Protein chains: 2
Amino acid sequence: MKATAQILKEKGLKVTPQRIAVYNMLLNTTEHPNAETIYKALEPTNPTMSLATVYKTLDYFKQLGLVQELNVGEGSSRYDAVVKCHPHTVCIQCGKVRDLYLEELTEIHKKIAEELDFEVRCEQLILYGICGKCRRENNENS
Amino acid sequence: MKATAQILKEKGLKVTPQRIAVYNMLLNTTEHPNAETIYKALEPTNPTMSLATVYKTLDYFKQLGLVQELNVGEGSSRYDAVVKCHPHTVCIQCGKVRDLYLEELTEIHKKIAEELDFEVRCEQLILYGICGKCRRENNENS
DNA sequence: TATTAAATAAAAATAATTATCATTTAGGGG
DNA sequence: CCCCTAAATGATAATTATTTTTATTTAATA
Ligand SMILES: [Mn+2]
Ligand SMILES: [Mn+2]
Ligand SMILES: [Zn+2]
Ligand SMILES: [Zn+2]
């Protein structure tokens, strides 16, 4: 696993504690946090960092393909250090956003995309519904 | 085709010129407009309508299943009078958002959804890429 | 037609994001 | 290692999309 500083350098970015912190935070979570959540998570270790820097950092990262932005219909965008297109599930009860790796799906999409008069660059599939945990909890209380 | 006033009445909504105008506008377009666009489109015929009313109307409609909200990663939400889950293409060059009806895809998603520990309520597929028109124009200029 | 609860318009408030700008800092050259 | 400078940061203001508030108007129904 490449060191974060090295990755930033390769992208032509100056290596700053703030950028390292944001990128590492995203590498170490599957939560798909938004800017505010990232900011809060880093506050204890980086008490001087500002929210504006988080936003600007995420914007740079996005341009350079270090993160992807994800909007699942909330007020704010979420961010993901996994930049390859991949599907997500969104629980409409607890709000959890999870990755969904299904090679099968990807291949099918690719095939179908070929049949369209449309050059597909990225496909975003979001499944909205009730996650297993919430469904089980619902059953207990009924 | 049912009259708009009748549809609103059946949903338990008071029938107002503003609501009729918004719903008809959405029924007669495939553009997936946002609130601002709807407001501007209705301005000539409904010069006194306010943007807040458009927002509130869209919110009611959404709750009652008359429209669906769609976020393709822009600053604002788009709205669609086609409430059944269906895929969209988004041209990253001209910004056009189009419907994509592929029964094949829907069925495949359904089957895959069954295999997950997740109760799928709605699936949103967005294909980002270059539309046919833009691609042809790009080829001409090269 | 009179009543009234609900809807509207206008304006203020809020939330997310972006821009501005003075200060600080990373990183290359000496 | 220290200096220099362009770039990054933090603080704050501005912007944009959306929601809330409230006084006024209106649709529905008796
Ligand atoms: Mn993900
Ligand atoms: Mn549509
Ligand atoms: Zn859940
Ligand atoms: Zn296009």
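Protein chains get the first letters and strands the later ones, always in sequence-line order, with residue 1 at the start of each. In this text, all values refer to a predicted model and were calculated from it rather than measured experimentally.
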Within less than 4.0 Å of OP1 or OP2 of [N], is there a side-chain N or O belonging to [X]?
X     : N      : value
A:Q18 : D:dG10 : yes
B:R19 : C:dT8  : yes
A:T48 : D:dG10 : yes
B:T16 : D:dA27 : no
B:S50 : C:dA9  : yes

Atom pair distance, as rounded to whole Å: [atom1] in [X] and [atom2] in [N]:
X     : N      : atom1 : atom2 : answer
A:N71 : D:dT16 : CG    : C1'   : 15 Å
B:Y39 : D:dA17 : OH    : P     : 14 Å
A:L13 : C:dG28 : CG    : P     : 13 Å
A:E43 : D:dT9  : CD    : P     : 17 Å
B:K9  : D:dA28 : NZ    : P     : 6 Å
A:L42 : D:dT9  : CG    : P     : 13 Å
A:Q63 : D:dA7  : CD    : P     : 17 Å
B:I38 : D:dA17 : CD1   : C1'   : 14 Å

Any B:I130 side-chain heavy atom under 4.5 Å of A:F118 side chain: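 No; the side chains remain at least 4.5 Å from each other.
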Reported CG-to-CD distance for the pair A:L58 and A:E69, which is rounded to 0.5 angstrom: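 Going from the CG atom of A:L58 to the CD atom of A:E69 covers 8.5 Å.
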Ring-ring centroid check B:H86 B:Y101, cutoff 6.0 Å: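 They qualify: ring centres under 6.0 Å apart.
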Under 3.5 Å: donor-acceptor pair, side chain of B:Y128, backbone of B:V72: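 Pair found, side chain donor or acceptor close to backbone of B:V72.
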The single option from B:R98, B:R135, B:K133 passing salt bridge (charged side-chain N to carboxylate O under 4.0 Å, His left out) against A:D117: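 Result: among B:R98, B:R135, B:K133, B:R135 is the only option passing the salt bridge (charged side-chain N to carboxylate O under 4.0 Å, His left out) with A:D117.
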Annotated protein contacts, base or backbone, on nucleotides 18-24 of chain D with a non-hydrogen cut-off under 4.0 Å, one of B, S, - each: BBBB---
Touch class at under 4.0 angstrom, heavy-atom based, for B:Y60 against every strand present: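 If one applies the 4.0 Å heavy-atom cut-off, B:Y60 turns out to touch the sugar-phosphate alone, with no base involved.
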Salt bridge A:E74-A:R78, side-chain N to carboxylate O under 4.0 Å: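 Result for this pair is yes, salt bridge flagged.
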B:Q93 and B:N138: CA distance, side-chain angles, deciding distance, side chain to side chain donor-acceptor pair (under 3.5 Å) verdict: CA-CA 10 Å; B:Q93 196 169 320; B:N138 294 345; 2.8 Å; yes
